[in-house]
Amino acid sequence: MVGDSTVKNGKGDGSGGLWGWGDYIGQFLDTTKVKIENHALGGTSSRTFQDKGLWNVVLSKLKKGDYVLIQFGHNDDGPLNDSLRARGTIKGIGNETEEIDNILTKKQETVHSYGWYIQKIVREAKSKGAIPIVCSPIPRNDWNDGKVPHNDKSYGLWAKQIAEKEKVTFIDLNEKMAVEMEKLGEQKVTGTYFYKKDHTHTSAKGAVLSASVIINQLKESKNSLKSFILKDPKITLPTKKKVFLIGDSTMANNNDSNAVGWGVAFPAYCDTTTTEVINKARGGRSSRTFDHEWLWNEVKNELQPGNFILIQFGHNDAGAIDKEKFRGSLKGTGDESQEVILADGSKETVHTFGWYMTKFIREAKEKGAIPIVLSQTPRNEWPNNKVERRNDSYGKWSKEVAEKENVFFIDLNEIVALKYEALGKEKVKAFFPKDHTHTGLEGATLNALTVAESINKLKNCGLSCENVNRE
């Protein structure tokens with residue numbers, strides 16, 4: 001396969017959740033008889049793929065009976081000559097040329113038409129006894145009145161004309177995929193087959209859709225590659241990254257519009273095609289009761305290697321240790337403990353806040369998960385016209401435990417407090433419709449955005465968030 005990023009994005013490893021159809025077409029073919037090589041490179045046009053010597057690498061390997069799937073066009077519409085990419089081609093399939101002093105390469109160059117470059121690849125592949133298959137470029141995820149743009153008057157047409165001229169198989173990927181997208185509708189396509197942030201590059205599901213269109217077209221063609229198509233292909237999509245959240249009501253889904261935890265808004269800042277957010281936070285819980293009520297055990301049993309777990313407690317840990325709600329933990333990060341008689345007469349050994357946090361971290365790491373510790377969200381309290389911090393207690397202890405256990409730490413309390421102070425008391429007051437602790441949706445969204453921004457600043461974390469620059 002030769003082409004651009006819609007055939008292979010980056011290294012073809014799904015970095016950033018982006019995939020090309022060349023990464024999945026092999027799952028439709030009998031790979032005991034066909035070897036798949038995806039030589040596409042993001043950012044290339046039919047011209048620059050050849051100018052960079054990439055086509056020569058493929059050509060030198062071709063043997064009689066090999067197949068070459070060709071798809072270009074997305075980048076051919078750029079400038080013929082500029083200091084950024086200089087990758088455009090002359091429109092059409094004619095023999096006209098333009099002589100340029102390439103600003104980027106500092107070399108003289110004769111630029112040809114899109115059709116000329118495609119025809120060159122086709123003819124040179126045929127000269128080695130290989131079998132070229134020309135594809136029109138996949139459609140972009142732009143919608144107008146329920147339709148996506150078809151390029152049947154530009155690159156799709158010119159690709160078809162060259163294929164017909166050279167008597168090779170043509171796959172109208174643009175037209176056929178556009179039809180499939182329109183059947184699904186914009187709401188289902190966007191966010192599932194394409195990213196909301198990106199109208200050109202497909203998700204894994206979008207790449208599979210593109211590949212399936214090619215396969216279906218091959219089945220209807222006379223091309224011998226169809227003899228290697230599996231009758232019942234098993235398509236394997238990449239596993240989503242799982243992000244678990246554990247904490248109290250300031251993170252949880254409380255089913256209360258006046259008390260919305262930031263974990264409710266957090267998925268909006270994740271690419272849900274590659275990431276699954278699992279909010280296990282529970283209102284009213286402290287680090288102690290989250291453990292004592294076996295809520296932690298349930299989460300721990302779900303953890304798999306590579307999962308992320310965001311841990312935030314503190315609001316309820318200051319409660320009574322041996323009466324009322326029995327949810328307070330001992331202060332600090334030490335190993336001291338206290339025996340407590342609960343309301344039902346049973347005994348409980350209560351530990352420090354730091355002890356419970358350390359337990360969560362260590363047991364998560366034992367399961368191969370990646371912990372991220374956060375200090376608690378600030379309350380709407382303004383002593384001396386400054387948002388109250390808890391950096392001498394639970395925020396401090398959270399940081400100490402994270403540093404001791406060598407895991408990621410986000411000082412959410414301090415970062416959000418600074419945002420609140422920049423906004424002012426009156427604006428922040430609207431974030432807390434119920435009391436001084438719980439935010440409504442607007443406040444939860446600000447906190448979730450802050451978490452997402454902070455995660456993106458963690459070095460070598462392996463988790464990234466999206467949409468953090470939106471208004």
Side-chain angles (χ1 to χ4, degrees), residues 1-40 42 65-71 131 133 135-139 141 169 171-185 188-195 198 201-243 270-278 302-307 368:
M1 289 162 287
V2 298
D4 54 38
S5 57
T6 62
V7 185
K8 182 173 77 173
N9 192 277
K11 296 179 180 178
D13 58 0
S15 178
L18 302 176
W19 295 91
W21 58 256
D23 299 315
Y24 284 93
I25 199 164
Q27 295 192 26
F28 292 88
L29 299 169
D30 184 350
T31 52
T32 65
K33 298 176 181 177
V34 177
K35 180 184 178 185
I36 309 295
E37 291 191 14
N38 192 347
H39 290 269
D66 288 347
Y67 298 88
V68 185
L69 273 70
I70 307 158
Q71 185 219 268
I131 304 164
I133 300 170
C135 303
S136 54
I138 70 167
N141 189 39
T169 300
I171 304 293
D172 200 347
L173 179 55
N174 182 271
E175 176 66 23
K176 299 299 182 182
M177 184 170 172
V179 168
E180 293 303 315
M181 290 167 64
E182 288 162 4
K183 285 180 185 175
L184 292 164
K188 187 167 184 179
V189 169
T190 304
T192 302
Y193 297 89
F194 283 84
Y195 291 85
D198 188 330
H201 302 101
T202 51
S203 67
K205 285 186 177 180
V208 169
L209 175 62
S210 302
S212 68
V213 169
I214 294 170
I215 291 297
N216 289 335
Q217 288 277 284
L218 282 172
K219 286 178 180 177
E220 296 174 7
S221 75
K222 296 179 180 179
N223 194 287
S224 56
L225 181 57
K226 69 180 182 181
S227 63
F228 299 103
I229 296 173
L230 296 171
K231 289 183 178 180
D232 187 23
K234 300 289 188 282
I235 307 304
T236 303
L237 292 168
T239 304
K240 286 187 178 183
K241 287 182 180 178
K242 289 186 177 181
V243 181
C270 296
D271 171 17
T272 54
T273 67
T274 60
T275 305
E276 180 182 3
V277 178
I278 303 166
E302 289 187 42
L303 290 178
Q304 298 288 332
N307 292 167

So CG of Asp23 and CD1 of Ile36: to nearest 0.5 Å the spacing works out to 11.0 Å
Looking at OG1 of Thr239 and CD of Gln304, how far apart are the two atoms once the value is rounded to the nearest 0.5 Å?
10.0 Å
Check: Ser224/Tyr67 side-chain N/O donor and acceptor closer than 3.5 Å:
yes
With sequence neighbours left out, the residues meeting side-chain hydrogen bond (donor to acceptor under 3.5 Å, both in side chains) with Thr236 are none
Would you find a donor on one side and an acceptor on the other, under 3.5 Å apart, between the side chain of Thr275 and the backbone of Lys241?
no
Any donor-acceptor N/O pair, Lys8 side chain to Asn38 backbone, under 3.5 Å:
yes
So, for Ala204 and Tyr24, which heavy atoms are closest and what is the spacing to 0.1 Å?
CB-OH, 3.5 Å
Test: salt bridge (Lys or Arg N to Asp or Glu O under 4.0 Å). Region: residues 220-237. Which pairs qualify, not counting sequence neighbours?
Asp232-Lys234
Could you tell me which non-hydrogen atom of Tyr193 sits nearest to which non-hydrogen atom of Lys188, and how far apart they are?
CD1-O, 3.9 Å
Once side-chain hydrogen bond (donor to acceptor under 3.5 Å, both in side chains) is applied, do any residues pair with Thr31, and if so which ones, sequence neighbours excluded?
none
The criterion is side-chain contact (heavy atoms from CB on, under 4.5 Å); which residues satisfy it with Asn9, sequence neighbours excluded?
Ser5, Leu18, His201
Heavy atoms, side chains only, cut-off 4.5 Å: are Leu69 and Ile214 in contact?
yes
Any residue meeting side-chain hydrogen bond (donor to acceptor under 3.5 Å, both in side chains) with Asp172, in chain and number order, not counting sequence neighbours:
Ser136
Compare all side-chain heavy atoms of Gln71 with those of Ile138 and state whether any distance is below 4.5 angstrom.
yes
Distance-minimising heavy-atom pair for Thr192 and Ser203
O-OG, 2.6 Å
Can you list everything that forms a salt bridge (Lys or Arg N to Asp or Glu O under 4.0 Å) with Glu175? Sequence neighbours excluded, please.
none
Look up atom CG in Leu237 and atom NZ in Lys205, then write down how far apart they are to the nearest 0.5 Å.
6.5 Å
Residues in side-chain contact (heavy atoms from CB on, under 4.5 Å) contact with Lys176, at least two apart in sequence or another chain:
Val213, Gln217
Kindly write out the residues that satisfy side-chain contact (heavy atoms from CB on, under 4.5 Å) with Leu230, not counting sequence neighbours, or none if the list is empty.
Asp30, Pro233
Evaluate the side-chain proximity of Ile70 to Val68: yes if any heavy-atom separation is below 4.5 Å, no if none is.
yes
For a quick test of reading the model, state the closest non-hydrogen atom pair linking Val277 to Cys270 and the distance between them.
CG2-SG, 3.8 Å
Who are the side-chain contact (heavy atoms from CB on, under 4.5 Å) partners of Thr169, not counting sequence neighbours?
Ile133, Ile171, Ser221, Asn223
Should Leu29 and Ile229 be marked as a side-chain contact (heavy atoms from CB on, under 4.5 Å) after you check the CA-CA gap, both sets of side-chain angles, and the distance that decides it?
CA-CA 5 Å; Leu29 299 169; Ile229 296 173; 3.8 Å; yes
Rounded at 0.5 Å granularity, tell me how far CD in Glu180 sits from CG in Leu173.
11.0 Å
Is any side-chain heavy atom of Val208 closer than 4.5 Å to one of Phe28?
yes
For Lys11, which residues count as a salt bridge (Lys or Arg N to Asp or Glu O under 4.0 Å) partner, sequence neighbours excluded?
none
Can you name the nearest heavy-atom pair linking Ile25 to Met1, along with the distance?
CG2-SD, 3.7 Å
Sequence neighbours excluded, the answer for ring-ring contact (aromatic ring centres under 6.0 Å, His included) partners of Trp21 is none
For Pro139 and Ala178, work out which heavy atoms get closest and say how close.
CG-N, 3.8 Å
Non-neighbouring partners of Glu37 that pass side-chain hydrogen bond (donor to acceptor under 3.5 Å, both in side chains), sequence neighbours left out:
Lys35, His39, Lys61
